[in-house]
Each structure stands twice: as C-alpha cells, then as structure tokens.
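The analysis underlying the following values was restricted to heavy atoms, covering all of them including side chains, and did not include hydrogens, waters or symmetry mates. A note on names: the letters A, B, ... follow the listed sequences, proteins ahead of strands, and every chain is numbered from 1.
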2 protein chains.
Amino acid sequence: MDKQPELCRVEDALNILVGKWKPIILLVLLQEGTKRFSDLKRRVPGITQKMLTNQLRELEEEDIITRKVYPQVPPKVEYSITEYGKTLEPILIAMHEWGTAHTIHKMKKAQQQSHQPS
Amino acid sequence: MDKQPELCRVEDALNILVGKWKPIILLVLLQEGTKRFSDLKRRVPGITQKMLTNQLRELEEEDIITRKVYPQVPPKVEYSITEYGKTLEPILIAMHEWGTAHTIHKMKKAQQQSHQPS
DNA sequence: TCCAATAGTATCATTATGTATACTATGATA
DNA sequence: TATCATAGTATACATAATGATACTATTGGA
C-alpha cells in the first residue's frame, strides 16, 4: 500500500536547491550576506529579472530567505538567508566539493580517452 | 573578467542528482544493490520506461552506475552503483535527512497558521 | 502458429522552465 | 517638464523536460 515514501524526502531538499539559479543565489547570500535585488542581479550574471524575482519568491516561501522592504523611493529591498536557511549550508558545501571533484574526474576521463582511442 | 565560476560547481552535483527520478533510483541501488531494469521499474512507482531508460543512461554516462547486459532471451540487464557513484552517498543521505526535517518544518508552519489566522 | 516475457524505441502531446521585451510607480533631480 | 533609478509586473515566445501510448526484436513454450 505504502510505496516507500521515505525514499522521496530527498526531493524536498532538491526542490529547494534546484532551479538553475538557486544554488548560486544561496551561496552568494551565505558567503556575502544580505544583498539588495539589484546587487544580486549583478552578482548572478545572466539571470533575468523575472527569474530572479521568481527564484527569490520560491526561496522566501520555503523560509530559506527573508525579504525586507524599505519604503523609499527609489525602492530598496534586501534579501538575507534565514537561520533555517543556514541549515542548508553543509549540503551546499558538500555538493560544491563533490561537484569540483567530479569536474576533475570528467577531465581525466576525457584525457584518457584521447590517449586510448577505440 | 572571471565571473566566480567556482560558485557554479554545485551545479555539477545537482545535474547528476536532479531529474525527478535520479535520487530515488540511486537510493534504491545504494540500499538494495544491483537490480534489473524491470525490478527498478517496479521499485520506482510511476516512472515510465522512457524516463527510466533515460535517467539510467545519464547516470551511466557520468560513471555513477554500470549497465551489464546478459545475452539472453528474454533480455536481462543489470544496473549497479559504481564505486565512484558511492561517493554520492553522503550527499544523498544529507539531503534525505534535511528533506525529512523540512517536511516536518512545513507541517509545523501549516499548523501554526491554522491556529493563528490573519 | 501464436503468445508471453524483457528491455527497450519511436512518436506525439503536454508541462515546466527560461528568455526577451515592454511596461509601471514614485519622487528626486536636471 | 523630462529623465533617472529601483524593484518589480505583464505579455509573448522559445526550448527543454516529462508523459502517454504504441511499437520492436527474440525465442522458448502452449
């Protein structure tokens, strides 16, 4: 009856980390602290306003970041990691390390193949 | 000039872990060992043959799993985690634990909101 | 001769995700 | 009065990911 739902909890972490832009947004906020919208946009080259807004809203919805609006003109909005969001840091770092090692792994594999053609 | 490429290595781990089905496929293979195609299909409810094939091919391409074909009729193909693939286990487990905690976090939040309506 | 079983492909439809571009509000400043 | 800046929203469009369904090859057995 019960289809091993416990195996699928990984998805919950994944859904927060994925989206082409979330990891880098989170790493920037973790490593560099609170940032305003336009600073984030500059810090994440290539992202469109729509996607940045979109990803920030999703992260806010999950309590990973907070959004603070200053009632000024021109507008000022600051985004920060929450304490809860900081609990993701070990995963982010583990993934970052694995990702780096994996990039090297792939380079080595590609080299071997160029030395030993089929 | 250089746009902090090191921040994006997370993506490499992510690209292997994501796809709606990869985490559960990997967890099944890690926890239950070698499995044939049809067993995996049964073990991952809801996946289509196309997606299972697709995800397995991508994992194989990255050296995370191996594919062993037995020249029989009807065909028999076995999939296993590689030693290299096993290096993903800590991340998978960390994500699984975080995901479980996060599910609880969301439940509590939902409860609070039902007790304190706006 | 026809069917069953396994491990797939092939084709098309649907959704999700991402991009491009234009547009808005406000008040300070030129 | 026109222009700038910020933090968006709205709209249309393009591409990629996923899903549903039907189909294939092989050969031992009914």
Side-chain angles (χ1 to χ4, degrees), chain A residues 3 8 10-26 28-29 32-62 64-81, chain B residues 3 7-8 10-26 28-29 32-62 64-80:
Chain A
K3 293 167 182 173
C8 303
V10 200
E11 289 278 319
D12 291 323
L14 232 26
N15 287 339
I16 280 159
L17 264 15
V18 302
K20 189 170 168 184
W21 307 103
K22 280 176 192 162
I24 190 170
I25 290 171
L26 288 175
V28 167
L29 289 178
E32 304 176 19
T34 300
K35 287 225 178 291
R36 16 196 326 198
F37 186 87
S38 52
D39 292 331
L40 270 175
K41 190 161 178 305
R42 268 175 231 117
R43 197 63 187 69
V44 182
I47 197 170
T48 59
Q49 289 197 255
K50 177 185 166 183
M51 286 312 295
L52 183 52
T53 304
N54 179 311
Q55 306 283 288
L56 289 171
R57 290 294 137 79
E58 288 182 18
L59 290 169
E60 193 193 355
E61 180 65 23
E62 303 286 351
I64 308 301
I65 62 172
T66 51
R67 176 172 181 269
K68 183 170 182 189
V69 181
Y70 294 81
Q72 302 179 350
V73 170
K76 176 176 171 182
V77 179
E78 281 182 350
Y79 293 91
S80 328
I81 295 273
Chain B
K3 294 170 184 173
L7 276 178
C8 303
V10 199
E11 289 279 320
D12 291 322
L14 232 27
N15 287 339
I16 280 159
L17 263 15
V18 303
K20 188 170 168 184
W21 306 104
K22 280 176 192 162
I24 190 171
I25 291 171
L26 289 175
V28 166
L29 289 177
E32 303 176 20
T34 299
K35 287 224 176 295
R36 347 179 15 175
F37 185 85
S38 52
D39 292 331
L40 269 176
K41 188 161 179 305
R42 270 174 230 117
R43 197 63 187 71
V44 182
I47 196 170
T48 59
Q49 290 196 253
K50 176 185 167 182
M51 285 313 294
L52 183 52
T53 303
N54 178 310
Q55 305 285 287
L56 289 170
R57 291 291 139 80
E58 290 183 17
L59 290 169
E60 192 192 355
E61 178 65 23
E62 303 285 352
I64 308 300
I65 63 172
T66 51
R67 175 172 181 271
K68 182 169 184 190
V69 181
Y70 294 81
Q72 304 178 348
V73 169
K76 176 175 170 182
V77 179
E78 282 181 350
Y79 293 91
S80 326

Does a side-chain N or O of R67(B) approach OP1 or OP2 of dG8(C) to a distance below 4.0 Å, or not?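 Answer is yes, contact under 4.0 Å.
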I'd like a table of atom pairs between the protein and nucleotides 9-16 of chain D - only N or O on both sides, under 3.5 Å - with the distance next to each one.
unit_1  : atom_1 : unit_2 : atom_2 : d
dT9(D)  : OP1    : R57(A) : NH1    : 3.3
dA12(D) : N6     : K50(A) : NZ     : 3.3

Counting heavy atoms from C-beta on, name the nucleotide in [options] closest to the side chain of [X].
X: M51(B); options: dA7(D), dT18(D), dT19(C); result: dT18(D)
X: P74(A); options: dA20(D), dT18(D), dT6(D); result: dT6(D)
X: K76(B); options: dA7(C), dG18(C), dT6(D); result: dA7(C)
X: Q55(B); options: dA7(D), dT18(D), dA7(C); result: dT18(D)

What are the two closest heavy atoms between Q55(A) and W21(A), and how far apart are they? OE1-N, 3.9 Å
Round to the nearest Å and state the distance from [X] atom [atom1] to [N] atom [atom2].
X: K41(A); N: dG8(D); atom1: NZ; atom2: C1'; result: 11 Å
X: N54(A); N: dA16(C); atom1: CG; atom2: P; result: 13 Å
X: K35(B); N: dT6(C); atom1: NZ; atom2: C1'; result: 17 Å

At a cut-off of 3.5 Å, list every protein nitrogen or oxygen paired with a nitrogen or oxygen from nucleotides 28-30 of chain C, distance to 0.1 Å.
none

Enter the inter-axis angle for the ends of the helix from dT1(C)-dA30(D) to dA30(C)-dT1(D) (five pairs per end, rounded to 10°).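 Between the first-five-pair axis and the last-five-pair axis there is 40°.
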Assign Y79(B) to base, sugar-phosphate, or nothing according to its heavy-atom contacts below 4.0 angstrom with the strands shown. sugar-phosphate
